[in-house]
Amino acid sequence: MQVVTTLEELWQARAGLPGPVGFVPTMGYLHEGHLSLVHCAKEACASVVVSIFVNPTQFGPNEDLEAYPRDLERDLRLLREAGVDLVWAPTAEVMYPPGFQTWVTVEQLTRPLEGAQRPGHFRGVTTVVAKLFNAVRPHKAFFGQKDAQQAAVIRRMTRDLSYPIEIVVCPTQREADGLAMSSRNTYLSPAEREAATVLYRALKTAAAAYQAGERNAETLRGLMREIIQAEPLAELQYVSCADYDTLEELQVVEGKALLSMAVFIGKTRLIDNWVLD
Ligand code: PAF
């Protein structure tokens with residue numbers, strides 16, 4: 001496995017990789033969720049490239065950029081074991097040269113849900129992912145369903161900017177008790193970790209109601225709200241039952257829909273979602 005930092009090194013290493021080339025962009029501190037993306041990429045592609053970059057422009061001023069967990073040595077060991085061919089771990093100066101002022105924005109899709117709570121977040125994500133795509137030039141790129149809005153926004157960007165890249169969205173990886181895997185789970189105290197299962201419980205309850213025939217979106221949102229609000233360590237930021245493609249809130253679930261939520265457990269902000277199909 002080759003590990004490179006500069007763009008020149010990346011271009012040179014990338015030129016020698018047999019295609020199709022699969023790409024898994026990450027912010028490091030890897031868990032089973034990331035590794036499942038690597039496994040999907042390995043199954044579908046002849047070579048796999050992973051990037052590790054904690055992207056400062058997608059963090060808000062009061063978010064956890066400084067505290068975001070990092071462990072490059074461990075990440076490299078896991079990627080080597082997973083059979084990755086090339087890791088690109090650029091510095092902030094490589095990604096954002098002095099005087100940087102060019103941004104990629106997806107408009108409508110970034111307004112609701114995460115976009116409404118985290119102004120500027122998706123502008124940071126789409127800008128860095130566009131730059132990563134330009135540099136790596138993969139045939140397929142792999143993202144997790146856990147960040148459902150991010151996946152939708154990247155799909156839109158890829159279509160709008162005519163990238164010849166297939167976006168593959170892989171299922172959310174969960175702990176045995178249902179908690180969606182996330183690097184931020186490491187912030188949780190033991191009591192908070194237990195309370196954090198409330199997101200999964202709320203989603204499962206609403207999904208079961210849907211399975212039983214409930215189609216009123218406000219009833220589904222209400223069910224999730226009630227469960228979150230009954231957990232003393234949880235503070236609900238939003239619950240949503242939205243159209244899967246446009247992410248607009250629904251009144252009645254008719255086609256494919258997305259249940260999603262953001263919840264603070266103590267100081268840690270967690271998100272999760274469930275697709276109704
Ligand atoms: O999902 C993430 O880890 C990040 O948002 C991404 C796609 C690597 C961009 O920084």
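Only heavy atoms go into these numbers, but all of them, side chains included; no hydrogens, no water, no symmetry mates. Both counts, for ligands and for their atoms, begin at 1 and track the order of listing.
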The residue among Q58, E114, M157 that forms side-chain contact (heavy atoms from CB on, under 4.5 Å) with V125 is Q58
Pick one of side chain, backbone, both or neither for how T26 approaches ligand 1, counting any non-hydrogen atom pair under 4.0 Å.
-> backbone
Starting from atom 3 (O) of ligand 1, find the nearest protein heavy-atom neighbour and note its residue, name and distance.
-> M27 CG, 3.7 Å
Within 45° of the ring axis of Y29 and under 6.0 Å from its six-membered ring centre, is that where the NZ or CZ of R74 lies?
-> yes
What is the ring orientation for H31 with H34, classed by angle as parallel under 30°, tilted 30 to 60°, or perpendicular over 60°?
-> tilted
Using a strict 4.0 Å cut-off to heavy atoms of V128, name the atoms of ligand 1 that fall inside it.
-> 9 (C), 10 (O)
What is the nearest protein non-hydrogen atom to atom 7 (C) of ligand 1, stated with its residue, atom name and distance?
-> Q150 NE2, 3.5 Å
Where does the angle between the aromatic ring planes of F53 and Y96 fall among parallel (under 30°), tilted (30 to 60°) and perpendicular (over 60°)?
-> tilted
Given Q58, H34, M95, which has its nearest heavy atom closest to atom 10 (O) of ligand 1?
-> Q58
Considering only NZ, NE, NH1 and NH2 on the basic side and carboxylate oxygens on the acidic side, decide whether D75 and R80 come within less than 4.0 Å.
-> no
